[in-house]
Amino acid sequence: MNIKKTGLPDKSVLSGEKIFFDYTDSFSGEVLNGERSISTAEIGKAFFTSTPQWGKKMFALRNRMVKIFGLKTGKERNESLKPEYLQLEVGEQVGIFTVFGKTDHEIILGENDKHLDFRVSLLYDKAKHSTEANSLTISTTVKYHNWMGKLYFLPVCPFHQLIVPVMLKKMIAKLESSTYDSEILTSD
């Protein structure tokens, strides 16, 4: 499975605001799922179950460190909510993420904090023709509010660029898997 770094897709809800962001990146991969349609709920559930173990440890370390500075850690939210119970509706909160937007093909997650705002787009692009491939793209945008936002993101960025392609690869594998399909379909 080939994951590639790409530009922010024009089809993303976030693309209309890209001039306001201080940082953007996007990673995309092909999804081989035949004729089956993939819902945004499936994509969101795959996202929340695809963090590698080392990523979870890094995030736990991040939470311990930023708590000192009064930044949000997500601990005060429903972090224990199981993926099969996620509705992924606008306003729902899971850990550090809030669902900011949702269309038939895209979910916008993120958070606003005193140092920066970030958004994560999970965009599924269903091919129009059988000669084209379906794709899943994870895009991240960041808007700094102050020097603390820039300072915070400086060490985070390299790890972010490592973890997103790994998560995307795991997400695609889950979405292509027939066992994941039946697991998702029976949990809704």
Side-chain angles (χ1 to χ4, degrees), residues 1-33 36-51 55 59 72 74 86-146 149-150 152-154 156-176:
M1 177 179 327
N2 188 21
I3 304 297
K4 61 182 180 181
K5 191 166 184 172
T6 184
L8 185 64
D10 290 336
K11 292 181 180 182
S12 173
V13 172
L14 298 175
S15 68
E17 301 176 17
K18 64 183 166 187
I19 60 169
F20 299 111
F21 303 126
D22 296 307
Y23 173 87
T24 63
D25 71 23
S26 298
F27 293 89
S28 185
E30 290 184 8
V31 181
L32 307 172
N33 65 322
R36 188 179 76 76
S37 183
I38 296 176
S39 71
T40 52
E42 288 175 90
I43 292 165
K45 290 173 185 180
F47 175 78
F48 284 109
T49 59
S50 294
T51 305
F59 202 70
K72 295 178 182 177
L86 295 176
Q87 297 300 309
L88 295 167
E89 296 299 333
V90 174
E92 185 176 3
Q93 297 177 330
V94 182
I96 160 177
F97 295 97
T98 297
V99 179
F100 279 95
K102 183 177 174 182
T103 69
D104 290 340
H105 304 287
E106 184 176 28
I107 299 173
I108 305 295
L109 307 165
E111 189 55 81
N112 298 334
D113 210 339
K114 59 185 173 186
H115 65 308
L116 59 76
D117 297 343
F118 75 92
R119 299 292 182 270
V120 175
S121 160
L122 308 173
L123 177 67
Y124 177 66
D125 193 7
K126 177 88 171 140
K128 303 254 187 275
H129 305 284
S130 59
T131 57
E132 300 172 343
N134 303 323
S135 67
L136 181 61
T137 304
I138 299 178
S139 300
T140 305
T141 66
V142 178
K143 176 69 181 157
Y144 306 125
H145 293 302
N146 51 41
K150 290 179 184 179
Y152 166 84
F153 198 65
L154 191 65
V156 168
C157 187
F159 293 105
H160 165 79
Q161 291 187 8
L162 287 174
I163 198 168
V164 171
V166 171
M167 287 183 68
L168 181 57
K169 195 172 201 175
K170 288 178 81 169
M171 287 174 67
I172 291 171
K174 286 180 180 193
L175 293 169
E176 291 176 343

Margin query: Is the shortest side-chain heavy-atom distance between Ile43 and Ile38 below 4.5 Å?
Written below: yes
Notebook entry, point to check: Are the side chain of Lys102 and the backbone of Leu88 linked by a donor-acceptor contact shorter than 3.5 Å?
Noted result: yes
Notebook entry, point to check: Within a strict 4.5 Å, meaning less than it, do heavy atoms of the Ile163 and Thr51 side chains meet?
Noted result: yes
Next item on the list: Check whether any side-chain heavy atom of Val120 lies under 4.5 Å from a side-chain heavy atom of Phe118, and answer yes or no.
Entry: yes
Next item on the list: Any chance you could lay out the ring pair (Phe, Tyr, Trp, His ring centres under 6.0 Å) test for Phe48 and Phe97, step after step, and finish with the verdict?
Entry: CA-CA 10 Å; Phe48 284 109; Phe97 295 97; 5.7 Å; yes
Checklist line | Donor-acceptor contact present, side-chain Asp117 to main-chain Thr141, <3.5 Å | finding: no
Item checked: Asp25/Lys5 salt bridge by N-O under 4.0 Å criterion -> no
Margin query: Check this for me, if you would: do Asp22 and Lys143 make a salt bridge, where the nitrogen-to-carboxylate-oxygen distance has to be below 4.0 angstrom?
Written below: yes
Next item on the list: Taking the side chain as every heavy atom from C-beta outward, state whether Ile108 and Val99 have any pair of such atoms under 4.5 Å apart.
Entry: no
Note to self: Would you say that more than 12 heavy atoms from the other residues, nucleotides or ligands in this model lie under 6.0 Å from the NZ of Lys170, or not?
What the structure shows: yes
Item checked: Modelled atom types, side-chain donor and acceptor of Lys174 and Thr49, under 3.5 Å -> yes
Margin query: Does either side chain, that of Asp125 or that of His105, offer a donor lying less than 3.5 Å from an acceptor on the other one?
Written below: no
Item checked: Side-chain donor-acceptor contact under 3.5 Å, Glu106 with Ser12 -> yes
Item checked: Between CG on residue Leu122 and OG1 on residue Thr40, distance to nearest 0.5 Å -> 9.5 Å
Notebook entry, point to check: Could you give the distance from OG (Ser26) to CG (Leu8), rounded to the nearest 0.5 Å?
Noted result: 4.5 Å
Check: Under the ring-ring contact (aromatic ring centres under 6.0 Å, His included) test, which residues partner Phe21, sequence neighbours left out?
Finding: none
Margin query: If we ignore hydrogens and angles and just use 3.5 Å, is the side chain of Glu176 paired with the main-chain N or O of Ala173 as donor and acceptor?
Written below: no
Notebook entry, point to check: Would you call Glu89 and Ile107 a side-chain contact if the rule is heavy atoms closer than 4.5 Å?
Noted result: no
Item checked: Member of Glu30, Lys169, Met167 meeting the side-chain contact (heavy atoms from CB on, under 4.5 Å) criterion with Ile3 -> Lys169
Note to self: Checking side-chain polar atoms at under 3.5 Å, does Ser121 have a donor or acceptor matched by the opposite partner on Ser139?
What the structure shows: no
Item checked: Passing option when Phe27 is tested against Thr140, Val164, Thr137 for side-chain contact (heavy atoms from CB on, under 4.5 Å) -> Val164
